[in-house]
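Below is one structure, written out as structure tokens; comments come after it.
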Amino acid sequence: MSDLNQSDNTPTNFIRQIIDKDLEQGKHDGRVHTRFPPEPNGYLHIGHAKSIVLNFGIARDYQGLCNLRFDDTNPHKENMEFVESIQQDVRWLGYDWQDRLFYASDYFQQLYDFAVELINAGKAYVCDLDGEQMRAYRGTLKEPGQESPYRSRSVEENLDLFARMKAGDFADGERVLRARIDMASPNMNMRDPTLYRIRHGVIHHQTGEAWCIYPMYDYTHPVSDALEGITHSLCTLEFEDHRPLYDWVLDNITIPSHPQQIEFSRLNIEYTVLSKRKLTQLVDEGFVEGWDDPRMPTIAGMKRRGYSAASIREFCRRIGITKSDGLVEIGMLETCIREDLDANAPRRMAVMHPLKLVIENYPEDQQEMLEAANHPKDESMGVRQIPFSREIIIDQADFREQANKKFKRLVTGGEVRLRNAYVIKCEEVVKNNQGDIVELRCSYDPETLGKNPEGRKVRGVIHWVSAKHGVKGEVRLYDRLFKQANADKVEEGGRFTDNLNPDSLRTLTECYFEPALADAEVEQAYQFEREGYFILDSVEAGRQPMVFNRVITLRDSWAKIEKGGAK
RNA sequence: UGGGGAUUCGUCUAAUGGCAGGACAACGGACUCUGACUCCGUAUGUGGAGGUUCGAAUCCUCCAUCCCCAGCCA
């Protein structure tokens, strides 16, 4: 795997340019301090990876710091499984927050005290409107809202009411604390937004039952950033409208720091969804096997699928950071993992659609060990021994009774090279009563080991496994999770799950692996030559038969030729 | 005229008044004991209309299209 610094030769972007300018002007005492602030209500996905690479990458490149902070203000949806998986995934991606692991809940007392300060300044009030009334008073996008009848309560009453909210005197939904800003603002976020709500009976994963009032994101986030001395608070575009509120909060409390919020566009990738809400649905409604299902765009899923951290980082580097919405081609991601695995995956042979092949002129009781390079371009990866014998298994796709000369594999009466072994010739095709090909009878040329035959050219090379020595096992072939490139686009009245690809997983149970694969290591991807990159499924590891996940196919120009018709 | 944002090859992204460049994808070829890898080559773009300027993707005006906002979610 490539080193973190090596793979992150990051091109500039508008955020780095802003930071450059800030540094030039001496803002923030010349410090750069970012944070990655996930809510622990789901697993991290590759969209988060974009943010992680951005935030931690900037911290590293500017000799700054990046905090990991859980935005845990909604205990209803959050839990420790998510807290733990997020830390694992960030670490696996290659980033280290050192001793700076924080929780917004660490600041609950300070948040409360600042709220009291706002109340004292007449900038916040307790409101008794229920949810429905609040909505009615809020107005619409085009019409201003109306002021709450509770908006002009005295400071004393607000102080008392807020204290009683905290003390548990009121039921859920009975009262909220709101900022007093402007009910006529064209920005809905400024129409007296809720600062605190009451939540009884939930056990917060960090604070337990200590609190029954919980602060809202728009209030918590700027305060948390400021308390941590964050200089640049990077978030996605949908929060652009919230920036005036972010700034309002910091401008109206006594806090000696004012981070700058900068927004960038979130990641969209073809044939998948990247919203935690939708991913949660896929898991909860059983469309996938879990958050780490290898078809999921989660970090855990991609890791189990066989994506390397370096390839994900490289992808994030290549897509860049801007403010324009886009839909990144899945090919971009696939190229990143192929490049990594091509350089780093040892080669092996495996057959997935077995076809028996008997070499008639190879003695029945004979077998030999053939040496094969583990990597065609990297001698340091060494060699391995592969047993060869009279009966071998090849792939059904590598034989045709007859074909035009574009087909470079085995045909009746034709020759082909067995990868790392001899040249063979197909003498006879054996079929069953249904006319299915069940066996090939061939001859081999003993003079062709390690050298080309004389006087003729053998164009094709196919892979194989010795029937007697091969290890039988399972391979799981993954395809795109959704049929539509834009998986979020749904027909009127439809659901995004209507776009699910029914063939996103195909399981092949009659596969033959060369013996060296019996020692396959967990988290080590291999290239099954001429097929693709595969990795032991981490969940099934240690069980028999062995189960390999296909990370990604090899680029397949033959498929293109065939699809385009014979030319 | 609710408010906010966006628009450059098919896709992602540079250029910050001075030669529209890169990556991915595509196409053609070379090489090959992986139809892989690698190498060489080709084509493709500033949403539209005006204006300012010696010179505009960039500045101005108007237009079009797309995205976000009416949670006691983040």
Side-chain angles (χ1 to χ4, degrees), chain A residues 11-14 17 37-39 41 71 73-74 76-77 127 129-131 134-136 138-145 172-178 185-191 193-199 213-214 216-218 220-221 235-244 263 265 270 276-277 317-336 338-339 342-343 347 349 372-373 375-377 406-409 416-421 423 448 450-452 458-463 527-532 553-562:
Chain A
T12 191
N13 57 53
F14 79 97
Q17 288 171 350
E39 184 190 10
N41 67 344
D71 221 323
T73 57
N74 187 2
H76 224 73
K77 293 184 171 175
C127 183
L129 256 26
D130 65 28
M134 274 256 255
R135 201 178 322 126
R138 187 154 33 227
T140 69
L141 293 177
K142 296 188 179 183
E143 303 158 47
D172 286 14
E174 209 176 322
R175 286 188 168 82
V176 295
L177 183 74
R178 300 174 73 176
S185 172
N187 181 344
M188 300 294 284
N189 297 117
M190 301 300 270
R191 319 242 263 228
T194 301
L195 265 24
Y196 269 90
R197 74 284 214 189
I198 301 170
R199 286 286 176 273
I213 55 172
Y214 289 93
M216 300 287 288
Y217 166 87
D218 280 319
T220 309
H221 210 83
C235 63
T236 43
L237 245 35
E238 67 271 24
F239 293 103
E240 206 149 18
D241 283 349
H242 297 238
R243 194 183 339 129
E263 310 83 12
S265 61
E270 288 180 342
K276 234 190 283 187
R277 201 193 99 247
R317 191 189 71 77
R318 286 189 195 188
I319 55 174
I321 298 289
T322 63
K323 291 182 72 126
S324 60
D325 291 309
L327 184 62
V328 177
E329 289 180 341
I330 189 75
M332 185 82 82
L333 218 207
E334 293 176 343
T335 293
C336 292
R338 283 197 184 107
E339 281 180 8
D342 175 55
R347 311 287 124 123
M349 291 198 289
H375 195 287
K377 291 183 179 172
K406 285 262 184 194
F407 188 78
K408 299 199 303 190
R409 311 174 190 182
V416 79
R417 158 78 62 183
L418 291 176
R419 175 76 167 151
N420 299 311
V423 170
T448 54
K451 55 179 188 261
N452 286 323
V458 177
R459 298 244 305 143
V461 181
I462 65 173
H463 59 282
Q527 184 193 102
F528 291 179
E529 288 192 284
R530 304 208 313 127
E531 294 286 359
T553 61
L554 250 30
R555 199 174 259 112
D556 187 357
S557 57
W558 168 242
K560 259 183 221 168
I561 293 168
E562 276 212 302

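In what follows, every heavy atom counts, from backbone to side chain, and hydrogens, waters and symmetry copies are set aside. So that the names make sense, note that chain A is the first sequence line, chain B the second, and so on, each numbered from 1. The structure displayed is predicted, hence computed values, not measured ones.
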N/O (side chain, A/Arg178) to phosphate O (OP1/OP2, B/C72) under 4.0 Å: no
P-based separation of B/C33 from B/U44 [nearest Å]: 36 Å
Quiz item: A/Asp241 side-chain donor-acceptor pair to B/G3 base, under 3.5 Å: yes
N or O in side chain of A/Lys560 less than 4.0 angstrom from B/C27 OP1/OP2: yes
Sugar-phosphate only, base, or nothing, as touched by A/Arg277 at under 4.0 Å among non-hydrogen atoms: nothing
Sugar-phosphate only, base, or nothing, as touched by A/Asn420 at under 4.0 Å among non-hydrogen atoms: base
Sugar-phosphate, base or nothing in reach of A/Arg175, heavy atoms under 4.0 Å: nothing
Gap in Å between the two P atoms, one belonging to B/G48 and one to B/C9, rounded: 10 Å
4.5 Å side-chain heavy-atom contact, A/Arg530 and A/Arg419: no
Within-4.5 Å side-chain heavy-atom neighbours: A/His242 and A/His221: no
Integer angstrom distance from the C1' of B/U46 to that of B/U11: 16 Å
N or O in side chain of A/Arg417 less than 4.0 angstrom from B/G35 OP1/OP2: no
side-chain N/O A/Arg243 vs B/G4 OP1/OP2, d < 4.0 Å: no
A/Glu263 (side chain) and B/G5 (base): donor-acceptor pair under 3.5 Å: no
N/O (side chain, A/Arg191) to phosphate O (OP1/OP2, B/C69) under 4.0 Å: no
Any A/Gln17 side-chain nitrogen or oxygen under 4.0 Å from OP1 or OP2 of B/A14: no
C1'-based separation of B/G18 from B/A56 [nearest Å]: 10 Å
Beyond-backbone contact of A/Val176 with A/Met216, side-chain heavy atoms, under 4.5 angstrom: no
Rounded distance in Å between the P positions of B/A15 and B/A49: 25 Å
Touch class at under 4.0 angstrom, heavy-atom based, for A/Arg318 against every strand present: sugar-phosphate
Donor/acceptor link under 3.5 angstrom from A/Glu531 side chain onto base of B/U34: no
Touch class at under 4.0 angstrom, heavy-atom based, for A/Ser185 against every strand present: nothing
Watson-Crick or G-U stems involving RNA chain B, each at least 3 pairs long, distances under 3.5 Å, ordered by first number: B:2-7 with B:64-69, B:10-13 with B:21-24, B:26-30 with B:38-42, B:47-51 with B:59-63
B/U61 versus B/C24 - spacing of their C1' atoms, nearest Å: 37 Å
Sugar-phosphate only, base, or nothing, as touched by A/Ile319 at under 4.0 Å among non-hydrogen atoms: sugar-phosphate
Sugar-phosphate, base or nothing in reach of A/Glu334, heavy atoms under 4.0 Å: nothing
Under 4.0 angstrom between A/Thr335 side-chain N/O and B/A25 OP1 or OP2: yes
Touch class at under 4.0 angstrom, heavy-atom based, for A/Thr140 against every strand present: base
Side-chain N,O (A/Arg317) to OP1/OP2 (B/G22) below 4.0 Å: no
Sugar-phosphate only, base, or nothing, as touched by A/Phe239 at under 4.0 Å among non-hydrogen atoms: base
Side-chain N or O of A/Arg459 closer than 4.0 Å to phosphate OP1/OP2 of B/U32: no
Touch class at under 4.0 angstrom, heavy-atom based, for A/Lys408 against every strand present: base
Any A/Thr322 side-chain N or O less than 4.0 Å from OP1/OP2 of B/U13: yes
Worked verdict on A/Val461 versus A/Glu529 for side-chain contact (heavy atoms from CB on, under 4.5 Å): CA-CA 10 Å; A/Val461 181; A/Glu529 288 192 284; over 6 Å; no
Sugar-phosphate, base or nothing in reach of A/Leu129, heavy atoms under 4.0 Å: base
Minimum heavy-atom distance between A/Thr448 and A/Arg417, given as atom pair plus value: O-NH1, 2.6 Å
side-chain hydrogen bond (donor to acceptor under 3.5 Å, both in side chains) partner of A/Asn41, the single match among A/Lys276, A/Lys77, A/His76: A/Lys276
Sugar-phosphate only, base, or nothing, as touched by A/Gly450 at under 4.0 Å among non-hydrogen atoms: base
From A/Thr220, A/Thr73, A/Ile213, residue fulfilling side-chain contact (heavy atoms from CB on, under 4.5 Å) relative to A/Tyr196: A/Ile213
Expected output: side-chain A/Arg138 to main-chain A/Pro193 donor-acceptor under 3.5 Å: no
Distance test, side-chain N/O of A/Thr73 to OP1/OP2 of B/A74, below 4.0 Å: yes
Touch class at under 4.0 angstrom, heavy-atom based, for A/His242 against every strand present: base
Ring geometry between A/Phe239 and A/Tyr217 (parallel below 30°, tilted from 30 to 60°, perpendicular above 60°): tilted
Phosphate contact (B/U13 OP1 or OP2) by A/Ser324 side-chain N/O below 4.0 Å: yes
Separation of the C1' atoms in B/A14 and B/G22, to the nearest angstrom: 7 Å
Span that lies between the C1' atom of B/C40 and that of B/C31, in whole angstrom: 11 Å
Separation of atom CG in A/Asp342 from atom P in B/A36, rounded to whole Å: 11 Å
Touch class at under 4.0 angstrom, heavy-atom based, for A/Asp130 against every strand present: base
Pair of N/O donor and acceptor under 3.5 Å linking B/G71 base with A/Arg135 side chain: no
